Structures are given as structure tokens and as C-alpha cells.
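Here the structure is a predicted model, which is why all the values come from computation and not from measurement.
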Amino acid sequence: MDRITEITSLTDPALLPFSGLTENQLKNRLHPEDGCFIAESTPVIRLALDAGLVPVSLLLEKKQITGTGKEILDRVGDIPVYTASDEILTKVTGFAPSRCVLAVMKRPSLTAPEILCENASRIAVLENVTDATNVGAIFRSAAALGIDAVLVDPSCCDPLNRRAARVSMGTVFQVPWTRIGENAADWAANGIARLRAMGFVTAAMALKKDSVTIDDDRLKRAPKLALLLGTEGTGLTDSTINHADYTVIIPMDHGVDSLNVAAASAVAFFETRKRLKETDKETI
């Protein structure tokens, strides 16, 4: 207990990173290289630490000091550790604390897409997917279903967003990811050209008359496939669709035209993963 400081006021400066800064302020505070993010819950923090990310400070519910938070305390080294009353934690988190463990962590440096995807055969590319819940769910499916890497365009929600990381159950720290493109306006032409230069066939998930189905043999046999997934409301932009090698649909029943982007990603990841393994068997 000697290493743990109890916070008794909401105005305590130690609470600033946990509740007083927006996601963007955390990301860009002082200098981008000094940016931070919040990891929430013991499982998420555990996976962040497993991935080698560096903790800055820790805030946890009192009962977690000897509860599930103890394993995190034992791993974070000599960093500031804080606790507070349930009343203060409720105001900090926005909900009644339950197994509350929060960590401020340093943001990792991003790798160039060409390096990240050098040995990848199946990747996902997210365009303007702005909902943190969807981004987190996509990463969880990517981890479970064999996607080698995820690329996000400049307008996409940050995968290290607090909610995205929590919904992903920490898989944002297991699936390699980075950003592609300098700005949203020209990412499609330049970004897809970069993907082609890396050897990827690009498949845009879009409702078009000339779309192929997700189980098409041409996708099945592509040694390197990039699945392009668009924003929740309108999907991929026309520019992205026009630059892609294929447009792809998931066949639907009962007059349903499409799935939520997170659900669609899971179907697409499973189908391409399954077909890739069948292709491997055919070559043995």
C-alpha cells in the first residue's frame, strides 16, 4: 500500500489523463511521440503489457489492489499508482466502478504499411470506420480469424481509442496495425496503388451489380488479399471502389441488403481464412 496514493478530490492533477483529456489530447499531448492512451480493464492491460507497451500510471478500485488488479500492480514497475473512492471513480469513468483498473500507456510508434505487411497474406483495410465499437469488434474478429494485419485510413477511428481497445478485448495489441495514407481525400488512389505494389489483390466490400461473392475462386486463389471495409452508413467511397480490383458481396436472404461492418468483416475474414486453408491443401 505504501506505493499507492489515494486521490480524494476530482481536481487532483493526477486524474487529468484519466478524465480531463480527450482522446485526441491524449494522442497529441505536447508532441505526438509523447502521446498516450487509456487501457481499461485487467484483460486489456494485460495484453498491452504482453505486447511490450509501456505503462505511465495506474488508477484502480480499492478492492482491486488485492483482487484481479494485483497481477497488473506486480507487472507495472515503479510508476505512479492511484486509487480513489467509488464516488470519485464513478465520476471519472462515467459508470459505477466494477473491477475498475485503468492504465495510462505510451503510444507505440507506427510501422510503415510496407514493412508491417511484408509477410502478410490476408489483411483488412478500414476506410472511415468511425465507430469505436465497430473498430474494436473488427479487431477481435481479425485476431480470431487469421487476419495478418489491419490498416486504417486517416479518417478511421483510432484503434487505441479507449472504447475500441476495450471492445476488442485487447486484441488491438495482438493484431499488427498501422495507418495508410496522409489524408482521407487521396488515400484511395495512392493507398490502393501501394497495396498493389506490395502484391495485394484488393477486394472492396460493396453492393454493386458487378460484384463477385465472397467465396469467388479468384479471391480464394489470391496469394495476398486485402479486404477493404467502409464506413457504417454509406460504405466505401466511389473512389475506393473504382480503384479496387474487385467489388465483393456477402449473399443475403430475406431481402436483407447488407450487414453491419463489424459483422460483415467477421464473415469475410472467416470465408477468406477458410478458403486459404483449402487452397493450401490443394497444393500439398
By salt bridge (Lys or Arg N to Asp or Glu O under 4.0 Å), which residues pair with [X], not counting sequence neighbours?
{"X": "Glu6", "result": "Lys62"}
{"X": "Asp74", "result": "Lys70"}
{"X": "Arg163", "result": "none"}

Atom [atom1] of [X] and atom [atom2] of [Y]: how far apart are they, to the nearest 0.5 Å?
{"X": "Ile45", "Y": "Met105", "atom1": "CD1", "atom2": "CE", "result": "7.0 Å"}
{"X": "Ser57", "Y": "Ile38", "atom1": "OG", "atom2": "CD1", "result": "7.0 Å"}
{"X": "Met205", "Y": "Thr240", "atom1": "CE", "atom2": "OG1", "result": "14.0 Å"}
{"X": "Thr213", "Y": "Ile250", "atom1": "OG1", "atom2": "CD1", "result": "10.5 Å"}
{"X": "Ser265", "Y": "Leu259", "atom1": "OG", "atom2": "CG", "result": "9.5 Å"}

Establish, from distance only, whether the side-chain atoms of Thr234 and Thr231 form a donor-acceptor pair under 3.5 Å.
no

Less than 3.5 Å apart, any donor N or O on the side chain of Ser239 or Thr237 sitting next to an acceptor on the other?
no

Minimum-distance pair of heavy atoms, taken over all atoms of Ile7 and Ile88:
O-CD1, 3.6 Å

Looking only at non-hydrogen atoms, find the nearest pair between Pro159 and Arg179 and report the distance.
CD-NH2, 4.2 Å

Only counting residues at least two apart or in another chain, list the ones meeting side-chain contact (heavy atoms from CB on, under 4.5 Å) with Ala203.
Leu219, Leu225, Leu227, Val248

Identify whether [X] and [Y] are in the same connected component of the hydrophobic contact network (ILVMFWY, side-chain heavy atoms under 4.5 Å).
{"X": "Ile72", "Y": "Ile4", "value": "yes"}
{"X": "Val167", "Y": "Phe37", "value": "no"}
{"X": "Ile79", "Y": "Val44", "value": "yes"}
{"X": "Leu110", "Y": "Val129", "value": "yes"}
{"X": "Leu145", "Y": "Met169", "value": "no"}

Heavy-atom donor-acceptor pair, [X] side chain to [Y] backbone, under 3.5 Å:
{"X": "Thr178", "Y": "Thr111", "value": "yes"}
{"X": "Asp217", "Y": "Lys220", "value": "no"}
{"X": "Ser19", "Y": "Leu16", "value": "no"}

Connected to Leu151, directly or through other members, by ILVMFWY side-chain contacts below 4.5 Å are Leu116, Ile123, Val125, Ile180, Trp187, Ile192, Leu195, Met198, Phe200, Leu228, Leu236, Ile241

Could you check whether atom CD of Glu118 has more than 12 heavy atoms from other residues, nucleotides or ligands sitting under 6.0 Å from it?
no

Taking atom CD of Glu114 as the centre, does the number of heavy atoms from other residues, nucleotides or ligands within less than 6.0 Å exceed 12?
yes

Decide side-chain contact (heavy atoms from CB on, under 4.5 Å) for Asp50 and Phe173; before the verdict, give the C-alpha distance in whole Å, the side-chain angles of both, and the deciding distance to 0.1 Å.
CA-CA 8 Å; Asp50 289 348; Phe173 310 119; over 6 Å; no

Leu49/Arg46 under side-chain contact (heavy atoms from CB on, under 4.5 Å): CA gap, chis, key distance, verdict
CA-CA 5 Å; Leu49 294 173; Arg46 181 193 303 124; 5.9 Å; no

Quick test of your reading: applying side chain to side chain donor-acceptor pair (under 3.5 Å), list the pairs with at least one residue in residues 138-151, sequence neighbours left out, ordered by first then second residue.
Ser121-Asp148

May I have the step-by-step check of side-chain contact (heavy atoms from CB on, under 4.5 Å) for Val261 and Leu126, ending in yes or no?
CA-CA 10 Å; Val261 64; Leu126 310 187; over 6 Å; no

Stepwise side-chain contact (heavy atoms from CB on, under 4.5 Å) check, Leu102 with Arg162:
CA-CA 10 Å; Leu102 305 174; Arg162 181 167 163 177; 3.8 Å; yes

